[in-house]
Amino acid sequence: KTREVLAREAAVKKDKEMDALKERKAILAKKEADEEYAAKQLADWKKRRDELQEHRMLGVGTFGKVKLAQRASDGALFALKCLNRNRIVLAWQSGRLAKEIRLLKMLNHPNVIRLHEVLHTPTEILMVMEYVDGGDLLEVLNARPRFLETEVRHIFCQICSGVAFC
């Protein structure tokens, strides 16, 4: 091979090594930024979690628990839905939960429970939701064997209003 060819091959090899080095540096920088972001998110999560004082258990479901929580600053009550990430992943429900969160964030209607915020940790997903005293509709329906027609009409109108809004 001539000197020119060898020089070009050496230059190409050096360029590839430089590109690989730049790529490694970019990957390390992204990893550091991701770790920094995760640490900041965790600190923010702990701060927000400390703002909420948990009280009694409201219910238990397949993926976690719902607890009554009170914000320390103003005393506002919330339903804190604590979902276990592992259970959600094992049941192949991650997509469904993401869709539920996305929809609830968009909705603002008196007959649809409002989602205030979502906090993520490596092990849990916490949904801070509007607290409605009296339980859910199923509890109300199971509590009494019969309802007056006016009561049923009122409940049905609320359901139709919420569904029509969606």
Side-chain angles (χ1 to χ4, degrees), residues 27-166:
I27 290 170
L28 287 173
K30 185 180 181 325
K31 186 178 177 183
E32 286 176 11
D34 288 348
E35 288 172 356
E36 225 174 90
Y37 177 76
K40 185 178 177 185
Q41 287 290 95
L42 187 59
D44 185 46
W45 174 83
K46 285 179 181 176
K47 179 183 166 200
R48 287 178 184 227
R49 179 75 187 241
D50 290 343
E51 289 176 5
L52 296 172
Q53 298 169 343
E54 293 179 16
H55 294 289
R56 63 184 166 94
M57 181 88 63
L58 297 174
V60 178
T62 306
F63 302 117
K65 302 171 185 175
V66 180
K67 301 175 185 177
L68 178 63
Q70 187 174 26
R71 189 168 41 213
S73 60
D74 62 0
L77 294 175
F78 297 96
L80 186 63
K81 196 173 187 179
C82 307
L83 303 170
N84 183 306
R85 275 187 190 273
N86 292 333
R87 289 185 188 162
I88 293 167
V89 170
L90 287 174
W92 296 78
Q93 296 296 315
S94 300
R96 187 175 153 268
L97 178 64
K99 189 175 186 179
E100 177 185 352
I101 290 170
R102 193 171 55 253
L103 289 173
L104 284 174
K105 279 183 176 179
M106 292 185 327
L107 297 177
N108 187 12
H109 188 274
N111 297 331
V112 178
I113 296 293
R114 183 145 187 244
L115 176 65
H116 293 281
E117 68 179 317
V118 180
L119 306 171
H120 296 271
T121 72
T123 58
E124 281 185 314
I125 297 172
L126 300 169
M127 297 170 66
V128 181
M129 305 177 81
E130 173 184 13
Y131 171 68
V132 180
D133 194 23
D136 63 11
L137 178 60
L138 184 61
E139 287 177 17
V140 172
L141 295 176
N142 287 334
R144 293 177 30 203
R146 296 198 169 263
F147 290 86
L148 298 174
E149 186 178 333
T150 55
E151 294 171 317
V152 173
R153 190 179 305 120
H154 177 72
I155 291 170
F156 188 69
C157 285
Q158 287 183 328
I159 293 170
C160 289
S161 174
V163 170
F165 179 76
C166 295

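FYI, side chains are in, hydrogens and waters are out, and symmetry mates aren't considered; it's all heavy atoms of this structure. As the structure is a computational prediction, the values presented were derived from the model and not from experiment.
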What's the shortest heavy-atom distance between [X] and [Y], and which atoms?
{"X": "L80", "Y": "A69", "value": "CB-CB, 4.1 Å"}
{"X": "I101", "Y": "V118", "value": "CG2-CG2, 3.7 Å"}
{"X": "V152", "Y": "F147", "value": "CG2-CB, 3.5 Å"}
{"X": "Q70", "Y": "G75", "value": "NE2-O, 3.1 Å"}

Under a 4.5 Å cut-off applied to non-hydrogen side-chain atoms, are [X] and [Y] in contact?
{"X": "L77", "Y": "L68", "answer": "yes"}
{"X": "K99", "Y": "R96", "answer": "no"}
{"X": "L137", "Y": "Q158", "answer": "no"}
{"X": "M129", "Y": "L104", "answer": "yes"}

Open item on the list: Would R71 and H116 count as a side-chain contact (heavy atoms from CB on, under 4.5 Å) here? Give the steps.
Closed with: CA-CA 12 Å; R71 189 168 41 213; H116 293 281; over 6 Å; no

Task: Criterion salt bridge (Lys or Arg N to Asp or Glu O under 4.0 Å) against K81, the qualifying member of E117, E130, E100, E124 - done: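 In the set E117, E130, E100, E124, the residue that makes a salt bridge (Lys or Arg N to Asp or Glu O under 4.0 Å) with K81 is E100.
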
Task: F63 and L97: CA distance, side-chain angles, deciding distance, side-chain contact (heavy atoms from CB on, under 4.5 Å) verdict - done: CA-CA 11 Å; F63 302 117; L97 178 64; over 6 Å; no

Open item on the list: Pair L107, R114 - check side-chain contact (heavy atoms from CB on, under 4.5 Å), show working.
Closed with: CA-CA 7 Å; L107 297 177; R114 183 145 187 244; over 6 Å; no

